[in-house]
Amino acid sequence: MIPKKLILLALLAGCPAFATSAIYVDIDPSVGLKNSLWINDGGTNTQLYFAGGIDLTIYGPGGVAFPRLVYCVELETEITVPGYYTTTMDFSDTPSLQRVGYLMENYWPSSSGYTDVALQQHGAAFQLAIWDILTDGGNGFGSATETDGSVSQSTDPAHLTDSDVLADAVEYETLSAGYTSPYGIVYHITDSNHKTVQTLMGPT
């Protein structure tokens with residue numbers, strides 16, 4: 001039997017981006033935190049609507065549905081959930097995306113034995129680590145004076161970033177430092193008006 005990864009490698013090697021597909025996306029509260037996590041986003045303490053895994057369903061030929069769990073790539077870009085979109089798929093092709101790809105290949109929260117609250121916290125931490133790696137180069141969450149667009153911990157005494165989530169996010173960054181993998185799959189999403197919205201990413 002040919003491993004699925006090799007099949008996907010062969011498919012993607014033949015074209016710059018895999019074929020456009022119809023998809024459906026929605027948050028997955030079992031793998032993240034909704035309306036309860038605060039961060040400092042570019043100098044502003046912000047309550048996140050959701051930080052964690054996104055359920056993505058790809059509709060293939062004949063309407064066959066292929067479920068995936070993915071994470072957001074761009075902190076500042078919106079996507080409406082639940083919602084229907086189209087996507088093209090490609091490999092992680094920058095050093096930062098490949099670092100995230102390494103995390104996804106080796107430290108995927110939902111396949112690491114976590115359950116219940118621990119899984120929600122690790123899903124949120126995984127998302128924070130991804131945002132910090134892609135926005136700030138994975139420099140941690142301690143500075144409240146980073147440049148605009150940066151990701152750091154909330155400094156509002158009434159809304160501090162959850163300490164368990166923060167510690168787990170730092171651990172994910174530490175585990176991925178200096179490592180890369182080209183096997184992360186990047187989903188370039190567009191809406192019905194062909195407008196680019198949030199980019200998502202998942203493992204092979």
Side-chain angles (χ1 to χ4, degrees), residues 25-55 69-81 83 92 94-104 106-110 112 114-180 184 186 189 196-202:
V25 296
D26 200 1
I27 63 171
D28 190 335
S30 69
V31 196
L33 296 173
K34 180 180 177 183
N35 289 327
S36 63
L37 188 65
W38 288 75
I39 65 168
N40 186 299
D41 175 13
T44 302
N45 291 321
T46 304
Q47 184 182 34
L48 299 173
Y49 168 71
F50 184 72
I54 302 286
D55 289 323
L69 185 67
V70 297
Y71 283 81
C72 294
V73 168
E74 301 153 330
L75 175 61
E76 304 296 339
T77 305
E78 299 293 331
I79 188 170
T80 301
V81 289
S92 47
T94 68
S96 293
L97 287 174
Q98 289 180 352
R99 179 177 172 182
V100 172
Y102 174 82
L103 271 179
M104 292 184 168
N106 295 280
Y107 297 102
W108 194 242
S110 51
S112 300
Y114 302 115
T115 59
D116 304 323
V117 173
L119 180 55
Q120 291 176 309
Q121 291 176 339
H122 274 271
F126 200 75
Q127 179 65 87
L128 287 190
I130 290 169
W131 280 331
D132 191 52
I133 288 168
L134 296 175
T135 303
D136 290 339
N139 62 354
F141 304 89
S143 174
T145 58
E146 296 182 58
T147 58
D148 185 49
S150 65
V151 183
S152 58
Q153 60 187 316
S154 172
T155 56
D156 181 351
H159 301 108
L160 295 174
T161 305
D162 183 281
S163 59
D164 291 328
V165 173
L166 197 59
D168 292 335
V170 170
E171 182 179 6
Y172 284 125
E173 290 193 353
T174 301
L175 289 168
S176 65
Y179 292 96
T180 61
V186 181
I189 312 297
T196 299
V197 294
Q198 174 65 249
T199 301
L200 304 174
M201 188 172 175

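These figures come from a predicted structure and were not determined experimentally.
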Going by the angle between their ring planes, with limits at 30° and 60°, are Trp108 and Tyr71 parallel, tilted or perpendicular? perpendicular
Side chains of Leu69 and Asp55: does their closest heavy-atom pair fall under 4.5 Å? yes
Which heavy atom in Pro109 sits nearest to a heavy atom in Tyr172, and how many Å separate them? CG-OH, 3.7 Å
Relative to each other, are the rings of Tyr114 and His122 parallel, tilted or perpendicular (30° and 60° limits)? parallel
On a heavy-atom basis, which atom in Leu119 and which in Ser110 lie closest, and how many Å separate them? CD1-CA, 3.7 Å
Looking at side-chain heavy atoms only, is the closest gap between Thr180 and Pro95 below 4.5 Å? no
Partner set under ring-ring contact (aromatic ring centres under 6.0 Å, His included) for Tyr107, not counting sequence neighbours: none
Please check: side-chain N/O of Arg99 versus main-chain N/O of Leu134, any donor-acceptor pairing under 3.5 Å? no
Test ring-ring contact (aromatic ring centres under 6.0 Å, His included) applied to Tyr49 - qualifying residues, sequence neighbours left out: none
Minimum heavy-atom distance between Asp168 and Ala125, given as atom pair plus value: CB-CB, 3.4 Å
Does Ser96 reach the main-chain N or O of Thr94 with its side chain, forming a donor-acceptor pair under 3.5 Å? no
Quick check: closest heavy atoms across Ala51 and Leu48, and the distance to 0.1 Å? CB-CD1, 3.9 Å
Is there a side-chain contact (heavy atoms from CB on, under 4.5 Å) between Thr77 and Thr199? Walk through the geometry before answering. CA-CA 8 Å; Thr77 305; Thr199 301; over 6 Å; no
Between Asp28 and Gly53 (side chain of the first, backbone of the second, donor and acceptor by atom type, cut-off under 3.5 Å), is there such a pair? no
Flag side-chain contact, heavy atom, 4.5 Å: Val73 against Leu97: yes
Does any non-hydrogen side-chain atom of Met201 lie less than 4.5 Å from one of Ile130? no
Please list every donor-acceptor pair under 3.5 Å in which a side-chain atom of residues 160-167 meets a protein atom from a residue at least two apart or in another chain.
{"from": "Thr161", "atom 1": "OG1", "to": "Trp38", "atom 2": "O", "distance (Å)": "2.7"}
{"from": "Thr161", "atom 1": "OG1", "to": "Ser154", "atom 2": "N", "distance (Å)": "2.7"}
{"from": "Asp162", "atom 1": "OD1", "to": "Asp164", "atom 2": "N", "distance (Å)": "2.9"}
{"from": "Asp162", "atom 1": "OD1", "to": "Val165", "atom 2": "N", "distance (Å)": "2.9"}

Where the side chain of Gln120 meets the backbone of Leu33, is there a donor-acceptor pair that is under 3.5 Å apart? no
Sub-4.5 Å side-chain heavy-atom contact between Ser152 and Ile39: no
Between Ile54 and the options Asp26, Val31, Val25, the side chain to side chain contact (heavy atoms under 4.5 Å, CB included) test singles out Val25
For a quick test of reading the model, state the closest non-hydrogen atom pair linking Phe141 to Val170 and the distance between them. CD1-CG2, 3.8 Å
Is there a donor-acceptor contact under 3.5 Å from the side chain of Thr135 to the main chain of Asp132? no
So do the side chains of Ser176 and Ile133 get within less than 4.5 Å of each other, counting heavy atoms only? yes
Got a donor-acceptor contact below 3.5 angstrom from the Gln198 side chain to the Glu74 backbone? yes
